[in-house]
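The structure appears below as structure tokens.
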Amino acid sequence: MTKTYTRDYWESALSALTLEGRNFIGGDYRSAVSGETFTRIRPMDGKPGGTLARGTVADIDLAVASARAAFESGVWRKKDPLEKKKIMLKWAELIRAHGEELAMLETLDVGKPVLASLNVDVRLCADGIQFYGEMIDKMYDEIAPTGPSARALVRKVPLGVIGAITPWNYPMIIDAWKLGPSIAAGNSVVLKPAEQSSLSAIRLASLAVEAGLPAGVFNVVTGYGEEAGKPLALHMDVDMIAFTGSTEVGKLIMGYAAQSNVKRVALELGGKSPLVVFEDADLDAAASAAAWGCFYNSGETCHASTRLLVQRSVQDKLIEKIKAVTASDIALAHPFEPSAQIGALIEEAHMTKVLGMIAAGEKEGARRAFGAEQVLSETGGYYISPGVFVDMTNDMSLARQEIFGPVLAAIPFDTEEEALKLANDTIYGLAGAVFTKDMDRAHRFSEEIHAGTVWINIYDMSNFATPFGGFKQSGFGRDRSVHAIDKYCDYKTIWQQFG
Ligand code: NAP
């Protein structure tokens with residue numbers, strides 16, 4: 001039977017919840033070496049949330065030493081694959097079993113509707129750990145062709161210690177995208193979550209140990225990017241940084257790798273994805289995809305469809321339909337309300353930044369069709385209503401910058417050539433979509449959009465079997481799918497000469 005959740009249910013669950021904000025190192029909670037903490041302000045109402053350890057270089061050193069010791073001991077990487085698989089699957093089960101608690105932690109930190117946290121974020125986090133757990137006893141090595149006088153084993157071996165640095169928009173999902181393949185491959189991990197969203201990461205680590213993951217294989221250090229993330233990326237004993245976040249910080253991470261030990265980096269960065277609608281498209285489907293593609297998670301999505309390229313002849317009709325879908329389907333409310341489809345933005349400073357970008361866009365001539373205003377301010381939280389701007393050109397700031405708020409920029413075009421040029425006229429290359437009934441055009445167009453994922457007549461459909469990541473300044477390296485394992489491994493040749 002499906003459980004019915006009410007706002008009262010979540011309020012009383014919250015009052016019974018203990019918020020653990022210490023680092024998790026070597027299988028145990030540890031306060032920051034300095035003893036310092038910081039307080040997270042809840043985006044849903046502006047009240048104090050969790051108190052987190054303010055990790056610095058000393059905490060990173062401890063966590064990396066713990067991860068290194070676990071790796072060198074072989075306690076995880078040399079374990080029987082079947083045993084490793086059982087532990088990963090048990091971890092996934094524990095995540096599901098603690099779903100309501102994890103959903104609450106996520107919502108307290110990031111302000112998204114708690115039912116979205118439960119039904120999307122927790123589910124996909126558990127599915128991700130399970131996906132890679134199931135791979136563990138199905139990964140084969142190779143024997144290279146050598147002729148009969150020798151045998152060359154080509155072994156795929158883990159790298160060692162992985163530093164994972166993650167953002168705040170889908171914390172648990174993105175953590176699982178890093179943890180699943182890196183741990184399944186036999187590595188140890190030190191995770192530095194975004195300062196805004198650490199609670200779920202700490203709980204994931206304690207559940208991993210409860211599932212049987214040896215102490216030290218998965219460590220969490222909380223804190224600020226400059227104070228905890230930077231020393232992790234500069235650390236001489238970290239073999240790779242798996243980073244998801246802004247392009248700006250991604251560039252710094254590459255620099256830190258070069259300045260230290262030439263560690264590898266994988267970067268999942270920003271986006272400004274085009275959703276292209278031709279006049280022959282199913283406009284109802286396109287309107288729904290454009291609204292959900294841009295406004296879900298309050299627009300705080302790297303691959304959000306923030307640029308709507310629409311054939312001029314259907315622009316007005318499509319905008320009307322987007323307005324109607326937004327009003328009827330995408331309810332903005334307090335995250336504990338069962339009706340909420342979108343909730344608060346991550347923090348006050350971010351809300352102010354988004355409102356500033358909107359104001360600057362209007363000064364440049366962008367015309368507001370609807371929404372994009374601060375709302376629910378009486379709650380003390382940080383909410384902006386979904387909104388669309390029209391009469392836009394692709395060189396306006398609202399069409400070029402990653403806003404990370406519920407703001408859609410509609411840009412008209414006349415021909416297919418023009419649409420393609422506009423679609424690719426961005427520094428990013430994360431995702432895109434094309435809506436048309438002409439399948440030749442759909443395939444021609446999707447081949448030519450420079451993006452890691454292109455959807456045809458739909459937006460944001462995916463599963464774990466498909467790689468995810470970007471071209472151009474959206475980064476490199478892919479999360480998800482069987483291919484994600486590769487970046488956490490390298491090949492080692494063992495040559496044996498006969499006779
Ligand atoms: P961000 O500011 O780049 O931060 C990402 C992570 O880097 C956080 O943990 C942050 O810590 C840390 N950090 C900041 N400065 C650092 C430094 N100097 N050295 C090391 N670490 C540092 O990004 P965000 O605001 O959290 O997330 C939004 C961005 O992520 C958007 O650009 C979005 O497009 C991108 N994103 C991309 C994908 C993808 O798959 N391509 C997915 C989701 C999000 P603090 O929190 O303490 O600053």
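Remember, it's 1-based here, ligands and their atoms both numbered in the order they're listed. Below, each value reflects all heavy atoms present in this structure, side chains not excepted, and no hydrogens, waters or symmetry copies.
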(request) May I ask you to decide if Ser397's main-chain N or O and Glu364's side chain share a donor-acceptor pair within less than 3.5 Å? (result)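 Flag set: sc Glu364 to bb Ser397 pair under 3.5 Å.
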(request) Quick one: which residue pairs count as a salt bridge (charged side-chain N to carboxylate O under 4.0 Å, His left out) with a foot in residues 219-246, not counting sequence neighbours? (result) Arg54-Glu227, Arg68-Asp237, Arg68-Asp239
(request) If the plane angle is over 60° it's perpendicular, under 30° parallel, otherwise tilted; pick one for Phe404 and His350. (result) perpendicular
(request) Could you tell me how the ring of Trp91 sits relative to the ring of Phe218: parallel (under 30°), tilted (30 to 60°) or perpendicular (over 60°)? (result) tilted
(request) Give the C-alpha distance, both sets of side-chain angles, the deciding distance and a yes or no for side chain to side chain contact (heavy atoms under 4.5 Å, CB included) between Val277 and Leu308. (result) CA-CA 8 Å; Val277 182; Leu308 174 67; 3.9 Å; yes
(request) Check each protein residue for a heavy atom under 4.0 Å from ligand 1 and list those that pass, ordered by chain and number. (result) Ile165, Thr166, Pro167, Trp168, Asn169, Ile174, Lys192, Pro193, Ala194, Glu195, Gln196, Gly223, Tyr224, Gly225, Glu226, Gly229, Lys230, Phe243, Thr244, Gly245, Ser246, Val249, Leu252, Ile253, Tyr256, Glu268, Leu269, Gly270, Cys302, Glu402, Phe404, Leu430, Phe468
(request) Evaluate the criterion salt bridge (charged side-chain N to carboxylate O under 4.0 Å, His left out) for residue pair Asp479 and Lys487; output intermediate values, then yes/no. (result) CA-CA 9 Å; Asp479 282 330; Lys487 66 176 189 262; 3.1 Å; yes
